[in-house]
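Here is the structure we will look at.
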Number of protein chains: 2
Amino acid sequence: MSITIQDIADLAKVSKGTVSRVINGAPGVGAETRKRILKLIEELDYQPNASAQSLASRRSYNIGVIIPHTGSYSMSTTYWPALLTAITEKAASQDYNVLLSTARSEQDVDSAYRSILKGKRVDGLIVGAEQFGEKQLAELLLKDFPFVMVGKSTTFSHYYVDVDNVGGARRMTEYLVSLGHRKITMLAGPEILPSVQSRVRGFQEAMTKAQLDPGRVVYTSYQTADAEKSTLQILKEDPPTALFVAAADLVLGVLEAARKLKIKIPDQLALVTFDDHPFYPYLSPSITAVKQPIYELGRAAVEMLFALMGKKETAKQKILPVEIIVRGSSQPDPPLVAQPLPTSG
Amino acid sequence: MSITIQDIADLAKVSKGTVSRVINGAPGVGAETRKRILKLIEELDYQPNASAQSLASRRSYNIGVIIPHTGSYSMSTTYWPALLTAITEKAASQDYNVLLSTARSEQDVDSAYRSILKGKRVDGLIVGAEQFGEKQLAELLLKDFPFVMVGKSTTFSHYYVDVDNVGGARRMTEYLVSLGHRKITMLAGPEILPSVQSRVRGFQEAMTKAQLDPGRVVYTSYQTADAEKSTLQILKEDPPTALFVAAADLVLGVLEAARKLKIKIPDQLALVTFDDHPFYPYLSPSITAVKQPIYELGRAAVEMLFALMGKKETAKQKILPVEIIVRGSSQPDPPLVAQPLPTSG
DNA sequence: GCTTTTTACTAAACTGGTTTCGTTTTTCCC
DNA sequence: GGGAAAAACGAAACCAGTTTAGTAAAAAGC
């Protein structure tokens, strides 16, 4: 079949152990011998069998990524593709591969967990915190298995990376206030999600500080249809002058609702969102958004995970700053080019 | 450490071999014994070590996915996220995991190939055909390693899944002709890519049939800046009445160019594209597009791969039909709701 | 009732590496 | 030049399963 370490050893007239040492760059091999073995490896294009390596060394050189996704829309969000790209590339730079699981249901999560983790297929795990089963998380913690959450969990205190949800929402709200808006409503995702809670908090902090009603928050699911329904309700019952859409997954529903009611943005309603998208500059009007550094988030997650895997020191959390990109949907006269907002005091 | 097959064997007072047979549902185990062992496995939550299993059985229960991506924009395309979701879910349904590699460069492809394939980390491979190194493809073929390409390759005749690029482009072009357009230009991606060639062919077939100039094709790279530059050139030098953008990666550049020249769509220029996007209905104007069944494409790729892996019969290629979604960018009076185009004759 | 076949199971070889331990050889130092 | 320390290597155990060959017991056949 394939060429094995034994073949190399035989040809080099050394033992398997010596070849193994060369492969792993371990000491205890003479310069001459090392060179001879490396040459053979090169010539025969030998590549160690990964399973055998994992079995013997107890390291798989794989990291697992479990991405929960609910709505069908999540695929058109740039969030997880960008995250995944970042994770894969960063992992590859350390000679690690990525084992991917998407999970639609609690059951998916459980089976992904069983197959990936207990089978020792991965050395560490990156999980989208939001909907990952708590039972499994608890078990991970208990076993002291290295894992990093993307996004903060409400129930578990553990290593995680996240963007500054509170600060981003606060600053965006302050920006709306600075434009003169007094009736501002936030359309948020499911209340149980930590990211939603943070964004709501940022919103409410800013509203309270401006002595405005912090109670103007409507929670909805991440289904486009629900987002649309909720928006219709908001706009009919108690229309605000500005609507803060707290997640990318809600945007399509909101746009659909606005279209149905023939509401002019930004004239009749200012619209801002959390999470940017390459298409936002081209929507009509272009959309003001809180831009998350998703790619950096993915890199940070991998860095943190590698630190944990290597038992190295690392901060328990890393919060990345966000940026506010002002476009047409929040101002009367849309400029052609987006302007980053100067940092609020 | 973890519980092993030996532990189960000891507790059940049988040999490892018997437990192994139970795990794999192999015959040669009495009903009583089988039940006893299954109960123990359940109770102790035993999960076989994947590396050991792979090593002994020569099957990894992983499939590899290598997705080449050039421009940074590819992340906002729904194409590969959707594909990946489909692949992962379909694979999971057969108890397979997905090992992911993204490849930016020829070198990436090579290292991904080495680590994934030669290390026997995967039992089969799905590759984005377009930019996968030809050298590696040839080696795969030579070794009779099961793999499926997503998208047709020009150089290799092998198993692949694809969408009907020729037919989609032809029908879209026919549609433009039916609207009365006579000067139609196609903005296509890099000429070497098979998908680009197919779309150009479909375009040219329709143009020739309508006795129009089939030479109105401009090739450009998938970089947004290049797409913009090419579009500006087209619109300045020999402006068509309709522009057929042949790939999602080009759309942003085209929109930017149109905006800069203050060209009114669809009044001054009809715009249609290949590959749909959830945001297209909300752009101004909404955009007419050829919609590809990406999710089905991913499923089909996995099905084909499993057939190859199991040495089962399967067609050498599967071409999925596309759909044309008519929206505002191609007609004077944009309707509120998109209309699927009746199949052309 | 005895042979033949089938079934249930064990023991051991095997997958392809890593790692430990011990031995030989070389280098270092006075 | 002789003893101690260090370096280079081999042999064998080990990782956790699968698979094969062989055996004992049970079932089937006549």
Side-chain angles (χ1 to χ4, degrees), chain A residues 1-38 40-41 44-62 95 114-123, chain B residues 1-38 40-41 44-62 95 114-123:
Chain A
M1 304 271 138
S2 281
I3 168 164
T4 72
I5 199 173
Q6 187 68 61
D7 300 331
I8 302 285
D10 292 348
L11 288 168
K13 302 208 191 307
V14 295
S15 73
K16 297 197 298 180
T18 302
V19 178
S20 175
R21 265 162 234 145
V22 171
I23 291 170
N24 297 293
V29 182
E32 276 302 303
T33 315
R34 186 179 297 273
K35 199 187 284 179
R36 193 168 77 245
I37 293 174
L38 282 175
L40 274 170
I41 290 179
L44 301 181
D45 195 22
Y46 163 72
Q47 190 80 6
N49 180 305
S51 305
Q53 270 186 318
S54 302
L55 179 59
S57 69
R58 281 83 182 257
R59 257 170 294 122
S60 68
Y61 286 99
N62 286 154
D95 288 320
R114 288 187 59 81
S115 114
I116 282 188
L117 257 192
K118 309 213 63 177
K120 301 230 164 55
R121 271 175 230 269
V122 300
D123 302 336
Chain B
M1 300 279 135
S2 280
I3 167 164
T4 70
I5 199 174
Q6 186 68 63
D7 301 331
I8 302 285
D10 292 349
L11 288 168
K13 302 210 191 305
V14 295
S15 73
K16 299 196 297 179
T18 302
V19 179
S20 175
R21 262 161 241 143
V22 171
I23 292 170
N24 297 296
V29 183
E32 278 301 305
T33 316
R34 187 179 297 271
K35 201 187 283 178
R36 193 168 77 245
I37 293 174
L38 282 175
L40 274 170
I41 290 179
L44 300 180
D45 194 22
Y46 163 73
Q47 190 81 6
N49 179 305
S51 305
Q53 267 187 321
S54 302
L55 180 58
S57 70
R58 276 85 178 245
R59 259 171 291 121
S60 68
Y61 286 99
N62 287 154
D95 289 320
R114 288 186 62 80
S115 111
I116 283 189
L117 257 191
K118 308 215 62 176
K120 303 228 162 52
R121 273 175 229 269
V122 300
D123 302 336

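None of the values given here were measured: they were computed from a predicted structure.
- Distance, A/Ile5 CD1 to C/dG17 P: 6 Å, rounded to whole Å.
- Side-chain nitrogen and oxygen atoms of B/Tyr46 include at least one within less than 4.0 Å of the OP1 or OP2 phosphate oxygen of D/dG17.
- B/Thr33 comes within 4.0 angstrom of sugar-phosphate atoms only, judged by non-hydrogen atoms across all strands, and of no base.
- For A/Thr4, the side-chain contact (heavy atoms from CB on, under 4.5 Å) partners at least two apart in sequence or on another chain are A/Gln6, A/Asp7.
- Using a 4.0 Å heavy-atom cutoff across all strands shown, A/Gly28 reaches at least one base atom of the nucleic acid.
- The side chain of B/Gln53 contributes an N or O atom lying less than 4.0 Å from OP1 or OP2 of D/dT18.
- If you take CG of B/Asn49 and P of C/dG16, they are 16 Å apart, rounded to a whole angstrom.
- A search for side chain to side chain donor-acceptor pair (under 3.5 Å) contacts involving B/Lys16 returns nothing, not counting sequence neighbours.
- Spacing between atom CG of B/Leu55 and atom P of C/dT15 amounts to 9 Å, rounded to whole angstrom units.
- Counting to the nearest Å, the C1' atom of D/dA16 and the CG atom of B/Asp10 are 13 Å from each other.
- In this structure, the nucleotide among C/dG17, D/dG17, C/dC9 sitting nearest to the side chain of B/Val29 is C/dC9.
- Rounding to whole angstrom units, CZ of residue B/Arg34 and P of C/dA8 are separated by 9 Å.
- Every residue was checked against the side-chain contact (heavy atoms from CB on, under 4.5 Å) condition with B/Asp95, not counting sequence neighbours, and none meets it.
- The nearest whole Å value for the distance from the NZ atom in B/Lys120 to the C1' atom in C/dG16 is 10 Å.
- Evaluated for a side-chain contact (heavy atoms from CB on, under 4.5 Å) with B/Val22, the options B/Ile5, B/Val14, B/Leu40, B/Leu38 yield exactly one hit, B/Leu38.
- Residues of residues 12-25 of chain A having a heavy atom closer than 4.0 Å to DNA chain C, listed by number: A/Lys16, A/Gly17, A/Ser20, A/Arg21, A/Asn24.
- Taking the side chain to side chain donor-acceptor pair (under 3.5 Å) definition, one finds that B/Tyr46 meets it with nothing, sequence neighbours left out.
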Determine all donor-acceptor pairs shorter than 3.5 Å in which one atom belongs to a side chain in residues 47-54 of chain B; sequence neighbours excluded.
residue	atom	partner	partner atom	Å
B/Gln47	OE1	A/Arg114	NH2	2.7
B/Asn49	OD1	B/Ser51	N	2.8
B/Asn49	OD1	B/Ala52	N	3.0
B/Ser54	OG	B/Ala50	O	2.8
B/Ser54	OG	B/Arg59	O	3.4

